[in-house]
Amino acid sequence: MSGFALAMICMTIAIYFGYDNAYKSSMDNYSVYLFGLEIYTLTKTGTEYAGTSIGMNMGILCMAFMAVTVGIEEITRKLICNNRH
């Protein structure tokens, strides 16, 4: 669960800065990337930007974050168990 939460926090921050950069650059289309994967596309409609998520890539990032946190959890658990003996 913590991996999913971390992924959501990271993606939220990336999208926030994506909007910020899009408004600063005034480009018609702007893509938001996180760890090399495109997660969000911003399209200018008049003076505003409309965002579209790229669900598959967001899912891949969530899965990666969850796998990393499970790995860290298992390593930590094994280190604690080894120190008890």
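None of these values were measured; they are calculated from a predicted model. Excluded from the calculations below are hydrogen atoms, water molecules and symmetry mates; all remaining heavy atoms, backbone and side chain alike, are included.
The cluster map of Ile, Leu, Val, Met, Phe, Trp and Tyr, joined by side-chain heavy atoms under 4.5 Å apart, puts Met56 and Leu61 in the same cluster. By the criterion of side-chain heavy atoms lying less than 4.5 angstrom apart, applied directly or through intervening Ile, Leu, Val, Met, Phe, Trp or Tyr residues, Phe4 is not grouped with Ile9; the two fall into different hydrophobic clusters. The cluster map of Ile, Leu, Val, Met, Phe, Trp and Tyr, joined by side-chain heavy atoms under 4.5 Å apart, puts Tyr40 and Met63 in different clusters.
Taking the side chain as every heavy atom from C-beta outward, Ile54 and Ile39 never approach each other to under 4.5 Å. Lys44 is listed as a side-chain neighbour of Ser26, based on a closest heavy-atom distance under 4.5 Å. Side-chain contact between Ser2 and Phe65 is absent, with no heavy-atom pair separated by less than 4.5 Å. At least one side-chain heavy atom of Leu42 sits under 4.5 Å from a side-chain heavy atom of Tyr19.
In this structure, CE in Met58 is found 9.0 Å from CG in Leu34, a value given to the nearest 0.5 Å. Here the straight-line distance linking atom CE of Met27 with atom OG1 of Thr43 works out to 11.0 Å at 0.5 Å rounding. Residue Ile15 holds its CD1 atom at 8.5 Å from CE of Met8, rounded to the nearest 0.5 Å. Summarising the geometry, atom CZ belonging to Phe35 is positioned 13.5 Å from atom CG belonging to Asn57; distances are rounded to the nearest 0.5 Å. Rounded to the nearest 0.5 Å, atoms CD1 (Ile80) and CD1 (Ile75) are 12.0 Å apart. Separation of atoms CD (Glu74) and CD1 (Ile72) is listed at 11.5 Å; rounding is to 0.5 Å.
The backbone N or O of Phe17 lies less than 3.5 Å from a partner atom in the side chain of Asn21, making a donor-acceptor pair.
The ring of Tyr30 has its center no closer than 6.0 angstrom to the ring center of Tyr49.
Arg77 and Glu73 are joined by a salt bridge, as a carboxylate oxygen and a charged side-chain nitrogen come within less than 4.0 angstrom of each other.
Thr41 meets the side-chain hydrogen bond (donor to acceptor under 3.5 Å, both in side chains) test with Glu38; sequence neighbours excluded.
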Does the side chain to side chain contact (heavy atoms under 4.5 Å, CB included) test come out yes or no for Met11 and Cys62, once each step is laid out?
-> CA-CA 9 Å; Met11 286 189 276; Cys62 285; 3.5 Å; yes

